[in-house]
Amino acid sequence: KGSFFFFFPDGRDPQQLAKDAGIKCGVYENLAYQSRGCASDKECIKAAEGQMMAEPPNEKNHRYNILLPKHQYVGIGIARSNEKIMMVQEYTDDSP
């Protein structure tokens, strides 16, 4: 139904993407893809977030990025195309 992956179609990593956007501080990124097997878009997003939070604690993974206390800023984007939902979460410790 859903899966998680790091996706950089042109080879750039989150740091390079942030730098290209004029952001000078380091960033952490979560990406989630969910197929539309849910009752609603909201349910798909909740399912994706739930899968990230179900990852093992004490490892550098999606859950780690969400819960890292030093993150002071977050940006979230959600896009839907046909039957697919993509969510991106960007975290940083410093003011972008």
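One is the number of the first residue; the rest follow in order along the sequence. Values below: every heavy atom of this structure, side chains too, minus hydrogens, waters and symmetry copies.
Counting only N and O atoms by type, the side chains of Glu49 and Gln89 include a donor and acceptor under 3.5 Å apart.
Each of Met87 and Tyr73 belongs to its own hydrophobic cluster when Ile, Leu, Val, Met, Phe, Trp and Tyr are linked at side-chain heavy-atom distances under 4.5 angstrom.
For Tyr64, the side chain to side chain contact (heavy atoms under 4.5 Å, CB included) partners are Tyr28, Lys60, Asn61, Leu68, not counting sequence neighbours. With sequence neighbours left out, Gln15 forms a side-chain hydrogen bond (donor to acceptor under 3.5 Å, both in side chains) with no residue at all. Taking Glu90 as the reference, nothing meets the side-chain hydrogen bond (donor to acceptor under 3.5 Å, both in side chains) condition, with sequence neighbours excluded.
Residues Glu29 and Val88 meet the side-chain proximity criterion, which asks for heavy atoms closer than 4.5 Å. Using a 4.5 Å heavy-atom cutoff, the side chains of Gln16 and Asp20 are in contact. For the pair His71 and Thr92, the minimum side-chain heavy-atom distance is 4.5 Å or more.
Panel note: side chain Ser40, backbone Glu43; a donor-acceptor pair is recorded below 3.5 Å.
In this structure, Ser81 OG and Met86 CE are separated by 10.5 Å, a value rounded to the nearest 0.5 Å. For the atom pair Ile45 CD1 and Gln34 CD, the distance stands at 9.5 Å (nearest 0.5 Å). The distance from atom CD of Gln72 to atom CG of Asp93, rounded to the nearest 0.5 Å, is 7.5 Å. Between atom NZ of residue Lys46 and atom CG of residue Asp41 there is a gap of 13.5 Å, rounded to the nearest 0.5 Å. Atoms NE2 and CG, on His62 and Leu67 in that order, are 13.0 Å from each other to the nearest 0.5 Å.
Counting all heavy atoms, side chain and backbone alike, Met53 lies closest to Arg63 at O-NH1, 2.7 Å. Of all the heavy atoms in Ser95 and Cys25, the pair that sits closest is O-SG, 4.2 Å. The shortest non-hydrogen separation linking Arg80 to Ile85 is CD-CG1, 4.0 Å.
No more than 12 heavy atoms of other residues, nucleotides or ligands shown are found within 6.0 angstrom of CG on Asn58.
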